[in-house]
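This structure is a prediction, so every number in the text was calculated from the model and none was measured. Protein chains get the first letters and strands the later ones, always in sequence-line order, with residue 1 at the start of each. Computed from heavy atoms alone, side chains included, the values below leave out hydrogens, waters and symmetry copies.
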Number of protein chains: 2
Amino acid sequence: MALDRDQVVDAAWHILQTYGLGDLSMRRLARELGVQPGALYWHVANKQELLAVLAQRMVAPLSMSSTGASPAGACLTSPSPAGASSVDAPPAHASPAGAADDAVLLITRFRSAVLAVRDGADVVSVAHALDPSGMQPTPLLTAALTRAGMDPAPAETAALTLVRFTLGSVTAQQTRESMDLPTATMAAEFEAGVRAILA
Amino acid sequence: MALDRDQVVDAAWHILQTYGLGDLSMRRLARELGVQPGALYWHVANKQELLAVLAQRMVAPLSMSSTGASPAGACLTSPSPAGASSVDAPPAHASPAGAADDAVLLITRFRSAVLAVRDGADVVSVAHALDPSGMQPTPLLTAALTRAGMDPAPAETAALTLVRFTLGSVTAQQTRESMDLPTATMAAEFEAGVRAILA
DNA sequence: ACCTGAACACCGTTCAAGT
DNA sequence: ACCTGAACACCGTTCAAGT
């Protein structure tokens with residue numbers, strides 16, 4: 001009974017997760033769905049659009065809960081009801097120190113989310129390039145760093161530095177993983193990099 | 001009169017430079033050389049090896065002159081004659097401040113070299129992942145930062161942070177360039193990132 | 001030693017035609 | 001509205017056979 005867009009995206013997600021980007025072809029996807037390749041183009045414009053949707057899915061969990069406060073536009077999925085203010089968060093407005101911790105938490109969760117999907121960094125890197133300041137976790141990081149006392153402009157620049165460093169790191173790690181090379185030192189290298197950037 | 005490895009690599013370099021990675025196929029390369037696709041496999045093991053050679057070519061200029069001093073292994077192309085010591089460089093051993101400037105210069109030249117080749121970041125990222133501490137400019141950066149007063153271990157970690165941030169940045173920029181999106185702010189964002197990492 | 005010819009197992013995308 | 005069938009213009013790699 002008629003394929004729909006979600007089934008296409010779900011199947012693509014499954015192939016990416018399980019076999020990696022090299023195996024995520026439109027033809028393979030069609031085969032998995034029991035349909036001719038051309039049928040997919042009724043539901044998605046092209047492969048690039050499909051990958052953009054997958055990138056959104058990877059970073060979506062970052063836009064929920066976590067740092068409590070929801071500054072305008074922080075949550076893309078469900079625009080929070082009018083008077084929703086921070087509830088069980090620290091005082092009325094978080095302390096600078098705690099907000100910097102929020103940034104560390106955010107970039108760490110971003111890394112985990114991307115790292116958890118095979119070739120995730122390749123997919124998310126394109127989405128970041130298309131919309132560097134709109135794609136998560138950039139706006140959330142900018143907000144956290146502003147709360148920590150930075151001016152908005154340097155906060156955004158620092159956010160971009162964190163995101164690009166993270167994507168560079170995860171790209172390197174996932175390339176090594178795909179070749180069965182060791183990656184034991186890479187988590188510590190990531191942490192050191194984040195500390196240096198936020199020092 | 002018999003194709004040789006250099007001709008294959010030169011032609012590949014030309015296609016990459018001119019048309020980008022999407023157009024650098026073994027079949028296209030063979031056509032450009034007036035040969036059947038299978039002939040290439042006498043000269044290179046596979047496409048991956050070819051890309052590794054191209055990555056080396058992109059970073060090769062970094063290993064020549066620049067910071068004057070040549071600590072063991074700094075110059076891969078031509079092992080310098082025995083008694084070659086720094087000539088017109090500052091005193092006998094550079095000052096910490098000057099050595100940190102060397103690091104900034106190195107990472108800036110690395111960015112320029114990668115940025116100058118279409119999809120250069122994609123190609124160099126794989127080479128970096130295969131040999132993070134051996135691929136330039138990592139060892140040169142580690143040396144410069146050690147001269148600047150850092151201990152070897154943190155110096156290497158800082159070098160990796162710089163290289164991965166730079167690859168993340170150039171990947172984003174070249175993705176945008178390939179889609180004719182503006183990149184006006186990206187050089188400044190790079191500089192700010194480097195300053196933050198080395199602060 | 002070096003290359004051709006031919007094959008194997010694939011790609012992304014389009015589009016008339018069917019239901 | 002949604003899909004098939006078939007095509008167009010491609011891929012990377014292998015390998016017997018030729019020179």
Asker: Any side-chain N or O of B:Trp42 below 4.0 angstrom from OP1/OP2 of C:dC3?
Answerer: no

Asker: Does a side-chain N or O from A:His43 land closer than 4.0 Å to OP1 or OP2 of D:dA1, or not?
Answerer: no

Asker: Is there a path of hydrophobic side-chain contacts, each under 4.5 Å between heavy atoms, that joins A:Val114 and A:Tyr19?
Answerer: yes

Asker: Could you state the OH-C1' distance from A:Tyr41 to C:dA16, rounded to the nearest angstrom?
Answerer: 18 Å

Asker: List DNA chain D stems (3 or more consecutive Watson-Crick/G-U pairs, under 3.5 Å)?
Answerer: C:4-8 with D:12-16, C:12-16 with D:4-8

Asker: Measuring from the side chain of B:Arg28 (C-beta onward, heavy atoms only), which nucleotide among C:dC11, D:dC11, D:dT13 has the closest atom?
Answerer: D:dC11

Asker: Which one of B:Leu50, B:Val44, B:Val35 satisfies the side chain to side chain contact (heavy atoms under 4.5 Å, CB included) criterion with B:Leu29?
Answerer: B:Leu50

Asker: Roughly, in whole Å, what's the span from CG in B:Leu40 to P in D:dT13?
Answerer: 10 Å

Asker: Between atom CE in A:Met26 and atom P in C:dC15, what is the gap in whole Å?
Answerer: 15 Å

Asker: Determine the interatomic distance between P on D:dA9 and the same-named atom on C:dC10; round to the nearest Å.
Answerer: 23 Å

Asker: Give the nucleotide from the list D:dT13, C:dT13, D:dC11 with an atom nearest to the side chain of A:Asn46.
Answerer: C:dT13

Asker: Decide whether a cation-pi geometry holds between A:Arg164 and B:Phe190; the criteria are a distance under 6.0 Å from NZ or CZ to the six-membered ring centre and an angle within 45° of the ring axis.
Answerer: no

Asker: Please determine whether the number of non-hydrogen atoms from other residues, nucleotides or ligands lying under 6.0 Å from atom CD of A:Gln48 exceeds 12.
Answerer: no

Asker: Considering heavy-atom distances to DNA chain D, does B:Ala39 or B:Lys47 have its closest nucleotide positioned more toward the 5' end?
Answerer: B:Lys47

Asker: If you define the side chain from C-beta out and look only at heavy atoms, does anything of A:Asp4 sit under 4.5 Å from A:Trp42?
Answerer: no

Asker: Quick one: A:Leu21 CG to D:dC11 C1', roughly how many Å, whole number?
Answerer: 16 Å

Asker: Just to confirm, is there a sub-4.0 Å distance from OP1 or OP2 of C:dG5 to any side-chain nitrogen or oxygen of B:Gln36?
Answerer: yes

Asker: Which whole-number value in Å describes the distance from B:Leu51 CG to D:dT13 P?
Answerer: 10 Å

Asker: Is it true that the NZ or CZ of A:Arg111 lies under 6.0 Å from the centre of A:Phe165's six-membered ring and within 45 degrees of the ring axis?
Answerer: no

Asker: In whole angstrom, what separates B:Leu24's CG from D:dC10's P?
Answerer: 15 Å

Asker: Expressed in angstrom and rounded to an integer, what is the separation of A:Leu29 atom CG from D:dC3 atom P?
Answerer: 13 Å

Asker: If you find the nucleotide of DNA chain C closest to A:Ser25 and the one closest to A:Ala45, which residue's nucleotide is nearer the 5' end?
Answerer: A:Ser25

Asker: Between B:Asp4 and B:Arg27, which is nearer to the 5' end of DNA chain C once each is assigned its nearest nucleotide?
Answerer: B:Asp4

Asker: Return the value, rounded to whole Å, for the distance between atom CD of A:Gln48 and atom P of C:dC11.
Answerer: 19 Å

